[in-house]
Amino acid sequence: MDGQDNDNAIPCVSTYFFSIFAILPESVISMIDYIIVGAGFAGSVLAERLASQNNKKILIIEKRKHIAGNCYDHYDEQGVLVHKYGPHIFHTDNAEVFNYLGGFTSWLNYQHEVLALVDGQKIPIPFNLNSLEQLFSPSLASSLEKKLVERYGFDVKVPILELRKEEDKELKYLADYIYRKIFANYTAKQWGCTPEEIDPEVTARVPVFISRDNRYFQDKYQAVPKHGYTQLFANLLDNDNIKLLLNTDYKDVLSFDSKTGDITFFGQPFSGKLVYTGMIDELFDWRFGELPYRSLQFDFEHFKQMSFQQATTENYPDNYDFTRITEFKHMTRQEISGTTIVREFPQDYDRSDVGKNIPYYPMLKDENRQCYKQYYELSQKFDHLILVGRLAEYRYYDMDDIVARALEVYQEHFVT
Ligand code: FAD
Ligand code: UDP
């Protein structure tokens, strides 16, 4: 079941709704300085900067019927604030990013904690010294803890693939146990491959943590927008210089000639810059082949009870086809009698299948990076084309990364 939209809850943003069959007069097109494809963080932050700092006229083309990209949240039919494309927790050490976004939202302090069902027990994830004590006998746990601290120090994060290189017999036993119980099946579900077959940066996101800190992240700033992500985006885009064309695939209104770099918009030449935050392979008509992505299916369920589970997110590394269950009200602290959860079912991305055609994650592997590099090199031929975002750069950006990247791109390309 999809998250039910309640359109009353979507904040209002000034929009132009053009019929996609209309031919725009040249005079209107010449009023647009920049066209941005995609209203996620990459597109919206650049639009905000260009509109507010450079007084430029921006048109954002977004194929979904809403702003906010994958960060979009809304109130479901039962009135629970849910994240339509999976749980989003803001965390960063970057004060500039946190303060910049703070200009568009108040924050609700929120320290994310995750549990995982392992051997019938719910243990803290990342696996830490508390997890160790829950799963092993006191004598074994204390011997393993001593060895870990002696070998790596306290408050240190060790990627599982590093820990598995251990030669010490006991530590090797522990590494193999964590690998088997927490990483192997979860990664098989999430990525369709083993932890070794995906870039080590992926599993290193959830390291073994030699600590008693049960939080998922240790960043200085951890929060969710007090009035939700969509409201944050509505505030970013609330500028008379920004117009939105929602519910429109850019390909229906704009064409980019990858030989000449010419842009045609509603049948007319467009001479401004194009900021593109969609899939880079799509922009170049998949000429070097399709970049693989991983998709997800979200299964929302509402319960007429105060709470469903102990933690905001509970991982199922072993049992079941889904990877995790998130209960939103633990994070948003919404005071409401019912509760809504979401289960995440990973699947291959397939652009021709409506149930699988949202590219959530780039598949970070060497051969895919090589393919991306060909697209990137081609894109560099065009000064008026700016590629930024998780899909356009084929990167595993968190929200703070992409906001930082968009601010950097703004400085590089638009500040003289
Ligand atoms: P997007 O948000 O994907 O925006 C791109 C936009 O371009 C989309 O709205 C798309 O519809 C539009 N578009 C694409 N193609 C076209 C086209 N042809 N025509 C018109 N429009 C088009 N980050 C965190 O920091 N914390 C988290 O807890 C977290 N949780 C996540 C959970 C999941 C399940 C996923 C998938 C990601 C999560 N992220 C999290 C990452 C976060 O979603 C991204 O960092 C962020 O959304 C990237 O912004 P973006 O603008 O690059 O991409
Ligand atoms: N992972 C795992 N078991 C877990 C949690 C994470 O194997 O219980 C691995 C898995 O490969 C996952 C990666 O670590 O894709 C990164 O996890 P994270 O929670 O950062 O993923 P995201 O929230 O981005 O989906």
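Numbers here simply count residues along the sequence, with the first being 1. Start at 1 and go down the list; that is how both ligands and their atoms are numbered. Quick caveat, the model's predicted, so the values are computed rather than measured.
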Exercise. Look at atom CG of Asp366 and say whether more than 12 heavy atoms of other residues, nucleotides or ligands are closer to it than 6.0 Å.
Key: no
Self-check item: Partner set under salt bridge (charged side-chain N to carboxylate O under 4.0 Å, His left out) for Glu145, not counting sequence neighbours
Solution: Arg212
Self-check item: Atom CZ of Arg395 with >12 non-hydrogen neighbours under 6.0 angstrom
Solution: no
Quiz item: If you count the non-hydrogen atoms of other residues, nucleotides and ligands that lie under 6.0 Å from OH in Tyr320, is the total more than 12?
Solution: no
Quiz item: Under a 4.0 Å heavy-atom cut-off, which residues neighbour ligand 2?
Solution: Ile182, Phe183, Tyr186, Thr187, Gln190, Trp191, Val202, Thr203, Arg205, Val206, Tyr216, Asn315, Arg324, Tyr361, Tyr396
Quiz item: Hey, is CZ on Phe288 packed in by over 12 heavy atoms from elsewhere, all under 6.0 Å?
Solution: yes
Quiz item: Counting only heavy atoms not in Asp93, do more than 12 fall under 6.0 Å of its CG?
Solution: yes
Exercise. Can you run down the side chain to side chain donor-acceptor pair (under 3.5 Å) pairs that involve residues 274-283, sequence neighbours left out, and say none if there aren't any?
Key: Asp281-Tyr293
Quiz prompt | Asn94 side-chain N/O to Val97 backbone N/O, donor-acceptor pair under 3.5 Å | solution = yes
Quiz item: Do you see a donor-acceptor pair shorter than 3.5 Å between the side chains of Lys122 and Gln309?
Solution: no
Quiz prompt | Within the 4.0 Å heavy-atom sphere of ligand 1, strictly under, residues | solution = Val37, Gly38, Gly40, Phe41, Ala42, Ile61, Glu62, Lys63, Arg64, Gly69, Asn70, Cys71, Tyr85, Pro87, His88, Ile89, Thr248, Asp249, Tyr250, Thr277, Gly278, Glu282, Leu296, Tyr360, Tyr361, Gly389, Arg390, Tyr397, Asp398, Met399, Ile402
